[in-house]
Amino acid sequence: MIGLRADGRGDRGHPAGDSQKPEPDRPPFALPRVMGHRGAAAVAPENTLAGLRTAAAMGMTWVEFDVMLSGDGVPVLFHDDNLKRITGRKASMARTPFAELAKLEAGAWFAPGFIGEPIPSLEQALALAVELGVTPNIEIKPTPRRDAATAAAVAETIARCWPEDRPGPLISSFSRQALGVARDRVPALPRALIAWRLPRDWEAAAETLQCASLHLRALRLRAKTVAKVKRAGYQLAAFTVNDPKKARRLIRFGVDCIITDRPDVIAAALG
Ligand code: G3P
Ligand code: MG
């Protein structure tokens, strides 16, 4: 079994554990020029099905969203450890069972037109992504100390719900532990290491985790850093860029993909 590199050669893959079923070969991995962030977070409530639909309607073929575990272990689309900012309920994600989460409001905080949007499960989001023809960039965003469990649940859900003949999904994370579990459970899926700035040991980490791409914060991302990552053969995404001028500059540096809350604006600016 192989893990795919940015070039799709799949030459540095880790063998699956003995207990793992062989994975089907999938088409080579290539980042798009523009990717919606948390759906299309400036235009629709983040990490909701409405967000996925909005991004797709803007022509996005890829969408990033965050995934964490409910109190009872169901992977759901959500960004914060606490539910307060999005739902108004002061409670932690890690202690709230899915049945409770499903009753909460995740659209009203954003705009009245989105009242009634729920917190979706990963399973619901994958089903919609298939319907819309969108490839997900699943950011594993574990609540404290649930890195391995979150990655295992994400891997299980993808293996069960994502069609074998479709590219992706991409699994990305700041958590190296989560990426390690993803590498071992679903080795053929591409992985991305996310970081605020390029870590000193990035090459060793990317090699060990068999990453296809690096996703770096755009703020203070320099041309020199971009060149270094590209020279090593990795794809590179920058987040979160909502200013067309900045997006154009990063693309000139050699960045492959702009992750943005404003996919319509950035796609138009980049042509
Ligand atoms: O995928 C990169 C980006 O989403 C990481 O930051 O906090 O928006 O999840 P955050
Ligand atoms: Mg994210």
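Counting starts at 1 for both ligands and their atoms, following the listed order. Residue numbers count from 1 along this sequence.
Side-chain atoms of Thr143 and Asp81 form no donor-acceptor pair, as typed in the model, at a separation below 3.5 Å. Using modelled atom types, one finds no donor on one side chain facing an acceptor on the other under 3.5 Å when comparing Asp66 with His79. Counting only N and O atoms by type, the side chains of Ser92 and Asn82 include no donor and acceptor under 3.5 Å apart.
Annotation: His37 places an N or O atom under 3.5 Å from an N or O atom of ligand 1; distance criterion only. In terms of polar-atom proximity, defined here as any N/O pair under 3.5 Å, Ser172 makes no such contact with ligand 1. The distance criterion of under 3.5 Å between nitrogen or oxygen atoms is met by Glu64 with respect to ligand 1. Between Asn137 and ligand 1, a contact under 3.5 Å exists for no N or O pair. Residue His215 places no N or O, backbone or side chain, under 3.5 Å from any N or O of ligand 1.
Closest to atom 7 (O) of ligand 1, if we only count protein heavy atoms, is His79 NE2, 2.7 Å. Shortest contact from atom 5 (C) of ligand 1 to any protein heavy atom: Glu139 OE1, 3.4 Å.
Aromatic ring centres of Trp196 and Phe174: separated by under 6.0 Å.
Near Arg38, meaning under 4.0 Å from any of its heavy atoms, are these atoms of ligand 1: 7 (O), 8 (O), 10 (P).
Residue contacts with ligand 1 leave out Arg217, since none of its heavy atoms falls under 4.0 Å from the ligand.
Expressed to the nearest 0.5 Å, how far CD1 of Ile119 lies from CD of Gln124 amounts to 11.0 Å. Distance check, rounded to the nearest 0.5 Å: CD of Glu64 to OG1 of Thr135 gives 14.0 Å. Taking CD1 from Ile86 and CH2 from Trp109, the interatomic distance works out to 4.5 Å, rounded to the nearest 0.5 Å. Leu77 contributes atom CG, which lies 8.5 Å from atom OG1 of Thr48 (distance to the nearest 0.5 angstrom).
Residue Asp243 comes nearest to Ile266 through the heavy atom pair C-CD1, 3.8 Å, listed as atom of the first residue, atom of the second, then distance.
The atom of Glu64 that is an N, O or S and sits closest to the Mg ion (ligand 2) is OE2. The nearest N/O/S atom of Glu139 to the Mg ion (ligand 2) is OE1. Atom OD1 is the N, O or S atom of Asp66 at the shortest distance from the Mg ion (ligand 2).
Contacts of Asp66 with ligand 1, taken as heavy-atom pairs under 4.0 Å, involve the side chain alone.
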